Amino acid sequence: MSDFWTVNIFFVGLLFLIGLYCLLAMKSLIKLLIGLELLAKGIMLALIATGFEKNTILTAQSLAISFIVVEVSVLATAMAMIINMYRHTKSLDIKNLTNLKG
Amino acid sequence: MHIFLLLGLVLCSILAVFFSDLLKAAISLAGASVFLALVLFEMGATYAGVFEISVVAGLITVLFIATISLTEKKEDAKHNKRMRLLFPLVFIGFILIDVLVMSQYLVKLSSLAGPAETGVFGQVFWGGRTFDLVAQIAIILAGVFCVLALFRKRSGDE
């Protein structure tokens with residue numbers, strides 16, 4: 001694999017680290033979604049960089065567009081759930097979501 | 001140039017995580033999307049770049065800002081200060097490991113040989129990936145139904 005691909009995958013690793021950190025350390029529901037978005041950006045970069053490296057950029061773009069559609073659908077649903085949770089608990093803190101706690 | 005765009009992407013991502021104001025975090029995320037779109041344009045993925053800049057930097061940012069304006073309370077969600085201080089150490093440690101893995105292992109991976117693609121994007125997208133399009137329509141409908149179900153008026157609501 002070329003150096004160009006390796007540099008891109010290096011940054012994919014960094015994006016994954018930041019996204020995972022956000023998912024693990026943040027307590028706001030919206031921040032969790034931002035972490036998910038960052039993971040999605042890493043995946044998108046990996047897809048296109050690999051497509052560029054293998055000279056299959058057209059298929060990589062098709063997959064990237066499918067991925068964006070899935071991402072939007074997931075985020076819209078997650079945001080609707082967040083608004084509903086906020087109406088019940090009056091807070092965005094995940095510590096307050098303890099209704100199912102035994 | 002490519003490296004600077006990628007650095008901008010990582011910087012905007014870090015800002016999106018660490019801004020305590022959610023509105024600023026959402027705008028930083030949009031900035032990260034713009035940088036990613038520029039990277040995609042540079043690699044020749046123009047259609048994916050256009051989708052990234054219009055849908056992710058545009059639509060998702062609007063959704064984020066709408067959600068923030070519907071929910072935000074100033075004193076909400078205190079974050080752990082210790083975790084915040086730990087991040088630079090983890091980040092630097094990860095960069096070292098990442099560089100080691102990339103230089104020792106990934107760069108030596110042999111690339112599997114495959115035929116180069118021919119044709120135009122439209123042929124590949126509409127002809128070669130037709131089943132993906134059907135799945136995308138199903139996913140959009142599922143998302144719409146989920147949002148409708150979550151926002152429907154219950155009989156007990158005033």
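Here is the naming used below: chain letters follow the sequence lines, and residue numbers restart at 1 for every chain. Only a predicted model underlies this, so the values are computations on that prediction, with no experimental measurement involved.
- Cluster membership check: B:Phe145 does not share its hydrophobic cluster with A:Met81, using side-chain heavy-atom separations under 4.5 Å among Ile, Leu, Val, Met, Phe, Trp and Tyr.
- Atoms CG and OG1, on A:Asn84 and B:Thr71 in that order, are 12.0 Å from each other to the nearest 0.5 Å.
- A ring pair (Phe, Tyr, Trp, His ring centres under 6.0 Å) with A:Tyr21 is found for exactly one of B:Phe87, B:Phe91, B:Phe94, namely B:Phe87.
- Cluster annotation: B:Leu70 is connected to B:Val147 through the hydrophobic network of ILVMFWY side chains, with a link wherever side-chain heavy atoms come within less than 4.5 Å.
- Considering only heavy atoms from C-beta on, A:Ile65 comes within 4.5 Å of B:Tyr47 through its side chain.
- For A:Gln61, the parts lying near chain B are the backbone and the side chain together; criterion is any non-hydrogen pair under 4.5 Å.
- Heavy-atom distances place no part of B:Ile97 under 4.5 Å from chain A, backbone and side chain included.
- Interface residue A:Ile34: backbone and side-chain heavy atoms are both found under 4.5 Å from chain B.
- In the hydrophobic clustering of ILVMFWY residues, with side-chain heavy atoms under 4.5 Å counting as a link, B:Ile27 and B:Phe18 come out apart.
- Using a 4.5 Å cut-off between heavy atoms, A:Ile30 touches chain B through backbone and side chain atoms alike.
- Note: B:Leu63 CG to A:Met79 CE = 5.5 Å, rounded to the nearest 0.5 Å.
- The most heavy-atom pairs under 4.5 Å with chain B, out of A:Leu38, A:Thr59, A:Leu15, come from A:Thr59.
- Interface remark: B:Ser33 contributes backbone and side-chain atoms alike to the contact with chain A (heavy atom separation under 4.5 Å).
- Heavy atoms only, all atoms of each residue included: B:Leu150 and A:Thr77 are closest at CD1-O, 3.8 Å.
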Exercise for the section: Start with the C-alpha gap between B:Asp132 and A:Leu63, add the side-chain angles, then the distance that decides, and say whether side chain to side chain contact (heavy atoms under 4.5 Å, CB included) holds. Expected result: CA-CA 8 Å; B:Asp132 287 9; A:Leu63 292 173; 4.0 Å; yes

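- When all heavy atoms of B:Val56 and A:Glu37 are compared, the pair lying nearest together is CG1-OE1, 3.5 Å.
- Annotation for B:Phe151: atom CZ counts as buried by contact number, over 12 foreign heavy atoms lying within 6.0 Å.
- Note that OG of A:Ser73 is 6.5 Å distant from CD1 of B:Ile139, once rounded to the nearest 0.5 Å.
- For the set B:Ser28, B:Gly143, B:Ser13, the count of heavy-atom pairs under 4.5 angstrom toward chain A peaks at B:Ser13.
- Hydrophobic clustering of Ile, Leu, Val, Met, Phe, Trp and Tyr side chains at less than 4.5 Å, counting indirect connections, unites A:Ile18 with B:Leu7.
- Between chain A and the options B:Ala26, B:Ala45, B:Cys146, B:Ala66, heavy-atom pairs under 4.5 Å are most frequent for B:Ala45.
- Considering CZ of A:Phe10 and CD1 of B:Ile95, their distance stands at 5.0 Å, rounded to 0.5 Å.
- The parts of A:Leu33 that come within reach of chain B are both its backbone and its side chain, each placing non-hydrogen atoms under 4.5 angstrom from that chain.
- Using a 4.5 Å cut-off between heavy atoms, B:Val50 does not touch chain A at all.
- In the hydrophobic clustering of this structure, A:Ile43 groups with A:Trp5; members are Ile, Leu, Val, Met, Phe, Trp, Tyr whose side-chain heavy atoms approach within less than 4.5 Å, directly or through other members.
- Highest contact tally toward chain A, considering only B:Leu29, B:Leu59, B:Val99, is held by B:Leu29 [criterion: heavy-atom pairs under 4.5 Å].
- Contacts between A:Phe4 and chain B at a heavy-atom distance below 4.5 Å involve the side chain alone, from C-beta outward.
- Heavy-atom pairs under 4.5 Å with chain B peak, among A:Asn8, A:Ile82, A:Leu24, at A:Asn8.
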Practice task
Show the numbers, then the answer: is there a side chain to side chain contact (heavy atoms under 4.5 Å, CB included) between A:Glu71 and B:Val55?
Solution key: CA-CA 10 Å; A:Glu71 195 183 329; B:Val55 178; over 6 Å; no

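- Counting heavy-atom pairs closer than 4.5 Å to chain B, the top residue among A:Gly35, A:Ser66, A:Ala49 is A:Ser66.
- In plain terms, the two heavy atoms of A:Lys41 and B:Ala32 that are nearest each other are CE-CB, 4.0 Å.
- Using a 4.5 Å cut-off between heavy atoms, B:Val17 touches chain A through backbone and side chain atoms alike.
- Note that the CG atom of A:Leu14 and the CG atom of B:Leu11 stand 12.0 Å from one another [nearest 0.5 Å].
- Residues A:Val70 and B:Gln136 fail the side-chain proximity criterion, which asks for heavy atoms closer than 4.5 Å.
- Note that CG of A:Leu45 is 7.0 Å distant from CG of B:Leu9, once rounded to the nearest 0.5 Å.
- If you measure heavy-atom distances from B:Leu6 to chain A, the contacts under 4.5 Å come from both the backbone and the side chain.
- The candidate with the highest count of non-hydrogen atom pairs below 4.5 Å against chain A, out of B:Leu133, B:Ile3, B:Thr46, B:Val144, is B:Thr46.
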